[in-house]
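Only heavy atoms go into these numbers, but all of them, side chains included; no hydrogens, no water, no symmetry mates. By convention here, the first residue in the shown sequence is residue 1.
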Amino acid sequence: MITLKDVSKTFYGKTGGNKVLHRISLEIPEGAVTGIIGSSGAGKSTLLRTINLLEQPDEGSVTVNGRELTALSRRELAAERKKIGMIFQHFNLLSSRTVYENVALPLELTRTGRDVIRQKVTELLALVGLESKAGEYPANLSGGQRQRVAIARALVNEPHLLLCDEATSALDPFTTRSVLQLLKDLHRRLNLTIVLVTHEMEVVKALCSHVVCMDSGRIAAFSTTEAWSGQRDITAFEEFLKSEQ
């Protein structure tokens, strides 16, 4: 489903370059829910954002669902990105648009017909449990409700892949559990492949089938969650995975 081969990324600033990904090679199977963990600055979010080329790698190739994204033209890449949904930590909703209008936005940008938009948005709001909030504005919603809007928007183009960048880190524990249950249900119903960045071991335990452990821009370990049952925190998990290498 997802193949990264020798992917590197360097950010440049006034003091020079900072290499955040070092020749990353990784294969994520179709239908998996894969967590990316590691300490702050390990390169987790950058790795996630290279999957849909929001971060263009300096070298290497990225292949998703059989298409090598790094070899596509700008127009071809834009078409492939429609099949990849993304959820952000801070929701990225437009405050001037209602819940319905936020979810409809990606379809409006592609000039989809109003009837099709209405049908899709209505179905998705029901799927995430927000059909009664269609006319509300983001400011009137709880954090969990805003994240559900963001999830609905990410699914509106019927993607085969969903990327989540710290999707629950801004939420309280109860709301986190609710959003995780929603993602689990969506994974089952829609046969989604999901890749998520998290600092929270409970997220990994509750949702993930596979885990990537990153350390200083490199993959320290890649494992199924079955191999580490009983590990309680990220540090212990990192050490456990390294011991399995």
For this session: Report yes or no: do Val33 and Ile37 belong to one cluster of Ile/Leu/Val/Met/Phe/Trp/Tyr joined by side chain heavy-atom distances under 4.5 Å?
Result: no
Exercise. Does some side-chain heavy atom of Phe222 sit less than 4.5 Å from a side-chain heavy atom of Thr34?
Worked result: yes
For this session: For residues 94-110, pull every pair meeting salt bridge (charged side-chain N to carboxylate O under 4.0 Å, His left out), keeping only residues two or more places apart or in separate chains.
Result: Arg97-Glu108
For this session: Output all residues satisfying salt bridge (Lys or Arg N to Asp or Glu O under 4.0 Å) with Glu68, sequence neighbours left out; order by chain, then residue number.
Result: none
For this session: Give, for atom CG of Leu93 and atom CG of Leu141, the distance between the pair rounded to the nearest 0.5 Å.
Result: 8.0 Å
For this session: Look up atom CZ in Phe91 and atom CG in Asn102, then write down how far apart they are to the nearest 0.5 Å.
Result: 12.5 Å
For this session: List in chain and number order the residues that pass side-chain contact (heavy atoms from CB on, under 4.5 Å) with Ser216, two or more places apart in sequence or in another chain; answer none if no residue qualifies.
Result: none
For this session: With sequence neighbours excluded, tell me which residues meet salt bridge (Lys or Arg N to Asp or Glu O under 4.0 Å) with Lys19.
Result: none
Exercise. At their closest point, which heavy atom of Leu125 faces which heavy atom of Ala134, and how far apart are they?
Worked result: CD1-CB, 3.8 Å
Exercise. Where do Met1 and His160 land on the side-chain contact (heavy atoms from CB on, under 4.5 Å) test, with the steps shown first?
Worked result: CA-CA 10 Å; Met1 175 60 171; His160 49 65; 3.1 Å; yes
Exercise. Is a donor on one side and an acceptor on the other found under 3.5 Å between the side chain of Thr63 and the backbone of Gly66?
Worked result: no
Exercise. Would you say the side-chain atoms of Asn157 pair up with the backbone N or O of Pro159, donor to acceptor, closer than 3.5 Å?
Worked result: no
Exercise. If only atom types and distance count, is the side chain of Ser8 paired as donor or acceptor with the main-chain N or O of Glu59 below 3.5 Å?
Worked result: no
Problem set entry | Connected via hydrophobic side-chain network under 4.5 Å: Leu163 and Ile24 | yes
Problem set entry | Separation between CZ of Phe88 and OG of Ser45, rounded to the nearest 0.5 Å | 10.5 Å
Exercise. Between Ser223 and Val211, is there a donor-acceptor pair closer than 3.5 Å when you use the side chain of the first and the backbone of the second?
Worked result: no
Seminar exercise, completed: So salt bridge (charged side-chain N to carboxylate O under 4.0 Å, His left out) across residues 164-179, not counting sequence neighbours, yields none
Problem set entry | salt bridge (Lys or Arg N to Asp or Glu O under 4.0 Å) partners for Asp185, two or more places apart | Arg188
For this session: First locate atom CG of Leu183, then atom SG of Cys164, and finally report the distance between them rounded to the nearest 0.5 Å.
Result: 5.5 Å
Exercise. Does anything in residues 30-53 pair up under salt bridge (charged side-chain N to carboxylate O under 4.0 Å, His left out), and if so which pairs, sequence neighbours excluded?
Worked result: Arg49-Glu55
For this session: Decide yes or no for Thr168 and Gln89: does some side-chain heavy atom of the first lie under 4.5 Å from some side-chain heavy atom of the second?
Result: no
For this session: Answer whether the closest heavy-atom distance between the side chains of Glu200 and Ser169 falls below 4.5 Å.
Result: yes
Problem set entry | Partners meeting salt bridge (Lys or Arg N to Asp or Glu O under 4.0 Å) with Asp6 (sequence neighbours left out) | Arg23
For this session: Please assess Leu107 against Val116 for the test side-chain contact (heavy atoms from CB on, under 4.5 Å), listing each intermediate value before the final yes or no.
Result: CA-CA 9 Å; Leu107 297 176; Val116 174; 5.5 Å; no
For this session: Nearest 0.5 Å please: distance from the CZ atom of Arg218 over to the CG atom of Asp215.
Result: 8.5 Å
Exercise. Under the 4.5 Å side-chain heavy-atom rule for ILVMFWY, direct or indirect, which residues accompany Leu94?
Worked result: Leu105, Leu109
Problem set entry | Pairs touching residues 118-145 that satisfy salt bridge (charged side-chain N to carboxylate O under 4.0 Å, His left out), sequence neighbours left out | Asp115-Arg118, Lys120-Glu158
Exercise. Going by the side-chain hydrogen bond (donor to acceptor under 3.5 Å, both in side chains) test, which pairs reach into residues 145-154, not counting sequence neighbours?
Worked result: Ser142-Gln145, Arg148-Ser178
Seminar exercise, completed: By side chain to side chain donor-acceptor pair (under 3.5 Å), Thr110 pairs with (sequence neighbours left out) Thr112
Problem set entry | Interatomic spacing from OG1 in Thr50 to CG in Leu69 - rounded to 0.5 Å | 10.0 Å
For this session: Start with the C-alpha distance between Thr3 and Leu26, add both sets of side-chain angles, then the distance that settles side-chain contact (heavy atoms from CB on, under 4.5 Å), and finish with yes or no.
Result: CA-CA 6 Å; Thr3 302; Leu26 177 67; over 6 Å; no
Problem set entry | Under 3.5 Å: donor-acceptor pair, side chain of Thr193, backbone of Gly31 | yes
For this session: Side-chain contact test, heavy atoms from C-beta onward, threshold under 4.5 Å: evaluate it for Leu47 versus Leu4 and give yes or no.
Result: yes
Exercise. Is the backbone N or O of Lys184 less than 3.5 Å from a side-chain atom of Arg189, with the two atoms forming a donor-acceptor pair by type?
Worked result: no
For this session: Pick out which of Ile28, Ile51, Leu192, Ile194 makes a side chain to side chain contact (heavy atoms under 4.5 Å, CB included) with Leu161.
Result: Ile51
